[in-house]
Amino acid sequence: MSIPPKLQPIIYGVVVFVIFATLSVILKIVTKHQSTDADYFGILTNKDLLMGVVVAVIVTLSHEKKKKLK
């Protein structure tokens, strides 16, 4: 089963976002730096999620650019 080429960057971006969010949660738990205004699971804030989306977009665009240069 092959993934359609137009769907690949979206899947890649979602995976990058999930990895970012997971690492963010792990780091907040390990460092005990949980914010009092956390909206999601008592750990993540809207700012954390927005930062994850920005990172996912930048990494995905960079990955796509590298693929096109090959």
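What's counted below: heavy atoms across the whole structure, side chains too, no hydrogens, waters or symmetry copies. Model, not experiment: these values are computed from the prediction.
No path of Ile, Leu, Val, Met, Phe, Trp and Tyr side chains, each step under 4.5 Å between heavy atoms, connects M51 with I29, placing them in separate hydrophobic clusters. With hydrophobic clusters built from ILVMFWY side chains whose heavy atoms lie under 4.5 angstrom apart, V53 does not share a cluster with V55.
Grouped with V30 in one hydrophobic cluster are I26, the linkage being side-chain heavy-atom contacts under 4.5 Å among Ile, Leu, Val, Met, Phe, Trp and Tyr residues. Through direct or relayed side-chain contacts under 4.5 Å between Ile, Leu, Val, Met, Phe, Trp and Tyr, I58 connects to V54.
Using a 4.5 Å cut-off on side-chain heavy atoms (C-beta onward), V57 and L61 make contact. Contact annotation: the side chain of Q8 approaches that of K67 to within less than 4.5 Å [non-hydrogen atoms, C-beta and beyond].
A pairwise comparison of heavy atoms in V59 and V16 identifies CG1-CG2, 4.0 Å as the closest pair. Across all non-hydrogen atoms, the minimal contact from T31 to L27 is OG1-O, 2.7 Å. The shortest heavy-atom contact between G13 and A56 is O-CB, 3.5 Å.
Within a 6.0 Å sphere centred on NZ of K47, other residues, nucleotides and ligands contribute 12 heavy atoms or fewer.
Atom CG of L50 and atom CG of N46 lie 8.5 Å apart (nearest 0.5 Å).
For residues 7-22, there are no salt bridge (charged side-chain N to carboxylate O under 4.0 Å, His left out) pairs, not counting sequence neighbours. Residue pairs meeting the side chain to side chain donor-acceptor pair (under 3.5 Å) criterion with at least one member in residues 11-26, sequence neighbours excluded, do not occur.
Applying the side chain to side chain donor-acceptor pair (under 3.5 Å) rule to T45 yields the partners D48; only residues at least two apart in sequence or on another chain are considered. In terms of the ring pair (Phe, Tyr, Trp, His ring centres under 6.0 Å) criterion, F17 has no residue partners (sequence neighbours excluded).
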